[in-house]
Amino acid sequence: GIMKRVAICTLFHKNYNYGGILQGLALQNVLRDMGLDAYLVTYNDKANKNPIYTTLLSRCTQYSFIEICCKIKEILTATTHSEIKAKIKPRIELFDRFISNNFYMTDLYSDGSLSLLEKEFDVIISGSDQVWNPNAVRKLYLQDFSVSNGTKKVAYAASISRNKLNNKEAKIMIPCIEKFDAIGVREKTASDILGSFGIKDAKIVLDPTMLLSVDEWNNVAAPCFVTEPYVLVYSFSDCPFKDSLSDFYIKKNMKVVFIPYAKQKYNSFDNNCDLIPMWNVGPAEFLSLIKNSEFVYTDSFHGSVFSILFNKQFAVYERDKSGTTSKNSRMYDLLSIFGLDSRMIRDDHKKVLENKIDFSNVNEILEKKRIESWTWLKDAVDSQ
């Protein structure tokens with residue numbers, strides 16, 4: 001028969017986020033390995049409105065006063081630190097080159113042209129990543145357009161990235177999600193939330209990065225570029241233990257390196273960090289940094305995922321502990337699937353640094369879940 005054409009709707013266009021780009025690549029490659037003609041939909045998030053929070057002001061209503069003050073302070077400081085743009089430029093170039101070398105992409109779509117997707121594609125997949133996070137959501141990710149000619153709507157490993165939806169969010173999201181033919185979510189939390197709104201059959205599946213074997217990721221990773229043994233800190237919020245961490249490793253003759261401004265924009269905690277900065281890091285170099293490290297120390301979902309895939313000793317700490325929009329639920333869900341709850345550090349981090357993960361058990365769980373998720377995806381895309 002003719003190759004089925006599949007559209008992937010996820011955050012990748014001008015999204016300079018390591019995990020975001022690598023999960024998009026993974027889903028594309030998995031679908032292409034299945035013999036499907038898969039493309040990522042090029043769509044500019046900034047040019048298309050969030051259908052729930054249409055203005056900045058309405059978005060602020062979810063945050064506490066203190067959270068808003070911190071955000072404003074960060075934005076103001078960032079404008080005075082304009083030299084970061086120059087430092088980040090080579091990194092953006094690495095991202096752009098990585099994307100044009102590895103991705104199959106559509107032309108640019110916008111909210112006005114989404115109805116054309118059904119003419120081009122047999123299956124439209126939302127996910128993975130935080131496509132259903134109320135702060136990141138767009139009409140494209142909710143597939144808020146009607147399809148007639150048998151085009152299927154699928155979600156694969158879609159993440160809501162928090163532990164509840166308020167009424168305003170649910171009123172817009174749930175009616176769209178109900179129209180999907182198959183729903184795979186990334187976290188148990190997401191399946192519980194959808195269940196509470198009457199969507200009972202959401203299947204928990206692995207992040208697409210976990211569907212690719214470590215051999216495939218080795219092919220994507222850049223060669224090792226740090227000469228001595230090192231520990232990697234990969235962090236989106238201030239790492240509470242970094243001083244004692246570097247003491248611990250300096251005694252062991254190891255460098256402690258980190259990726260400054262990991263979101264490719266200014267954040268205050270990176271500015272006063274005395275670990276060794278790694279500047280020219282695109283997606284392939286990011287993989288290399290994890291793959292070749294002695295230990296990974298992170299508050300990042302994909303930082304943890306790739307530590308598991310490369311069988312690295314790693315520890316996780318919580319990101320911005322407080323607040324309604326906290327992203328920690330996805331970390332708990334991920335760790336508990338692999339029986340790694342003890343890798344979450346609350347206070348006594350020395351214990352976690354010295355206890356080794358036994359990966360034979362982890363790899364067994366991964367293999368079982370990988371087959372299950374792959375099969376679910378194949379059925380979702382194949383079924384008529």
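We find that Arg5 and Asp122 are not joined by a salt bridge, their nearest charged nitrogen and carboxylate oxygen being 4.0 Å or further apart. Ion pair Glu93/Lys89 flagged as a salt bridge, since at least one NZ, NE, NH1 or NH2 atom sits closer than 4.0 Å to an Asp/Glu carboxylate oxygen. In summary, Arg330 and Glu187 do not engage in a salt bridge, as defined by a charged side-chain N under 4.0 Å from a carboxylate O.
Rounding to the nearest 0.5 Å gives a distance of 10.0 Å between OG of Ser191 and NZ of Lys203. With rounding to the nearest 0.5 Å, the separation of CD in Gln143 from OG1 in Thr151 is 10.0 Å. With rounding to the nearest 0.5 angstrom, the NZ atom of Lys378 is 15.0 Å from the CD1 atom of Ile371. Once rounded to the nearest 0.5 Å, the distance linking OH of Tyr234 with SG of Cys239 reads 14.0 Å. One distance of note links CG of Leu11 with CD of Gln130; it measures 7.5 Å at 0.5 Å rounding. The CD atom of Glu364 sits 11.0 Å away from the CG atom of Leu366 when rounded to the nearest 0.5 Å.
Using modelled atom types, one finds a donor on one side chain and an acceptor on the other under 3.5 Å when comparing Gln23 with Thr10. Counting only N and O atoms by type, the side chains of Asp129 and His302 include no donor and acceptor under 3.5 Å apart. Under 3.5 Å, the side chains of Asp111 and Tyr43 contain a donor-acceptor pair of N or O atoms. Looking only at atom types and distance, the side chain of Ser288 has no donor-acceptor partner in the side chain of Glu285 under 3.5 Å away. Side-chain polar atoms of Lys291 and Asn218 form a donor-acceptor pair below 3.5 angstrom. Defined by atom type and a distance below 3.5 Å, a donor-acceptor pair is missing between the side-chain atoms of Asn133 and Tyr141. Neither side chain, Ser383 nor Asp379, offers a donor N or O lying under 3.5 Å from an acceptor on the other. Side-chain contact annotation: Asp333 with Thr189, donor-acceptor N/O pair under 3.5 Å present. Between the side chains of Ser360 and Asp358, at least one donor-acceptor pair of N or O atoms lies under 3.5 Å.
Atom NZ of Lys188 sits in a sparse spot, with 12 or fewer heavy atoms from other residues, nucleotides or ligands closer than 6.0 Å. Residue Asp107 qualifies as open at atom CG: its count of foreign heavy atoms under 6.0 Å is 12 or below. Within a 6.0 Å sphere centred on NZ of Lys46, other residues, nucleotides and ligands contribute 12 heavy atoms or fewer. At most 12 non-hydrogen atoms from other residues, nucleotides or ligands lie less than 6.0 angstrom from NZ of Lys139.
The backbone N or O of Asn166 lies less than 3.5 Å from a partner atom in the side chain of Glu169, making a donor-acceptor pair. The backbone N or O of Arg97 lies less than 3.5 Å from a partner atom in the side chain of Ser100, making a donor-acceptor pair. The main-chain N or O of Ala380 is found under 3.5 Å from a side-chain atom of Lys152 such that the two form a donor-acceptor pair. In this structure a side-chain-to-backbone donor-acceptor pair under 3.5 Å is missing from Asn280 to Arg91. Remark: the backbone N or O of Glu216 is paired with a side-chain donor or acceptor of Ser213 at under 3.5 angstrom. One N or O on the side chain of Gln264 and one on the backbone of Tyr16 form a donor-acceptor pair closer than 3.5 Å. For the pair Lys200 (side chain) and Gly195 (backbone), a donor-acceptor distance under 3.5 Å is present. Checked by atom type and distance alone, the side chain of Arg343 never pairs as donor or acceptor with a backbone atom of Ala315 at under 3.5 Å. No donor-acceptor pair closer than 3.5 Å links the side chain of Asp37 to the backbone N or O of Lys4.
Lys153 forms a cation-pi arrangement with Phe145, by the criterion of a distance under 6.0 Å to the ring centre and an angle within 45° of the ring axis. Both tests hold for Arg32 against Tyr104: distance to the six-membered ring centre under 6.0 Å, angle to the ring axis within 45°. Both tests pass for Arg186 against the ring of Phe301: distance under 6.0 Å to the centre and angle within 45° of the axis.
If you chain together hydrophobic residues whose side chains sit under 4.5 Å apart, Ile92 and Trp279 fall into the same group. Cluster membership check: Leu334 shares its hydrophobic cluster with Val296, using side-chain heavy-atom separations under 4.5 Å among Ile, Leu, Val, Met, Phe, Trp and Tyr. Using a 4.5 Å cut-off between side-chain heavy atoms of Ile, Leu, Val, Met, Phe, Trp and Tyr, with links allowed through other members, Tyr53 and Ile193 fall into the same hydrophobic cluster. There is no path of hydrophobic side-chain contacts, each under 4.5 Å, that joins Leu232 to Leu94.
Residues Leu165 and Phe197 meet the side-chain proximity criterion, which asks for heavy atoms closer than 4.5 Å. With contacts defined as side-chain heavy-atom distances shorter than 4.5 Å, the pair Thr106/Leu40 does not qualify.
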TODO: Could you go through the side chain to side chain contact (heavy atoms under 4.5 Å, CB included) check for Ser235 and Thr298 one step at a time?
DONE: CA-CA 5 Å; Ser235 156; Thr298 190; 5.9 Å; no
Task: Worked verdict on Leu194 versus Ile160 for side chain to side chain contact (heavy atoms under 4.5 Å, CB included) - done: CA-CA 10 Å; Leu194 294 180; Ile160 296 175; 4.3 Å; yes
Task: From CA spacing to verdict: side-chain hydrogen bond (donor to acceptor under 3.5 Å, both in side chains), Asn50, Asn135 - done: CA-CA 7 Å; Asn50 180 324; Asn135 281 322; 5.2 Å; no
Task: Steps toward side chain to side chain contact (heavy atoms under 4.5 Å, CB included) verdict (Leu377, Ile125) - done: CA-CA 10 Å; Leu377 177 60; Ile125 301 186; 4.3 Å; yes
- [ ] Carefully, step by step, assess Phe314 and Phe295 under the rule ring-ring contact (aromatic ring centres under 6.0 Å, His included).
- [x] CA-CA 5 Å; Phe314 74 104; Phe295 198 100; 8.0 Å; no
Open item on the list: Before you tell me yes or no, could you show the steps for Val316 and Ile345 under side chain to side chain contact (heavy atoms under 4.5 Å, CB included), namely the whole-Å CA-CA distance, both residues' side-chain angles and the distance that decides it to 0.1 Å?
Closed with: CA-CA 6 Å; Val316 177; Ile345 294 182; over 6 Å; no
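Taking the six-membered ring for Trp and the full ring otherwise, the centers of Trp132 and Phe180 sit less than 6.0 Å from each other. With ring centers used as reference points, Phe258 lies 6.0 Å or more from Tyr297. Between Phe103 and Tyr39, a ring centre-to-centre spacing not shorter than 6.0 Å is recorded.
Between Tyr18 and Phe95, the two ring planes are tilted [angle within 30° to 60°].
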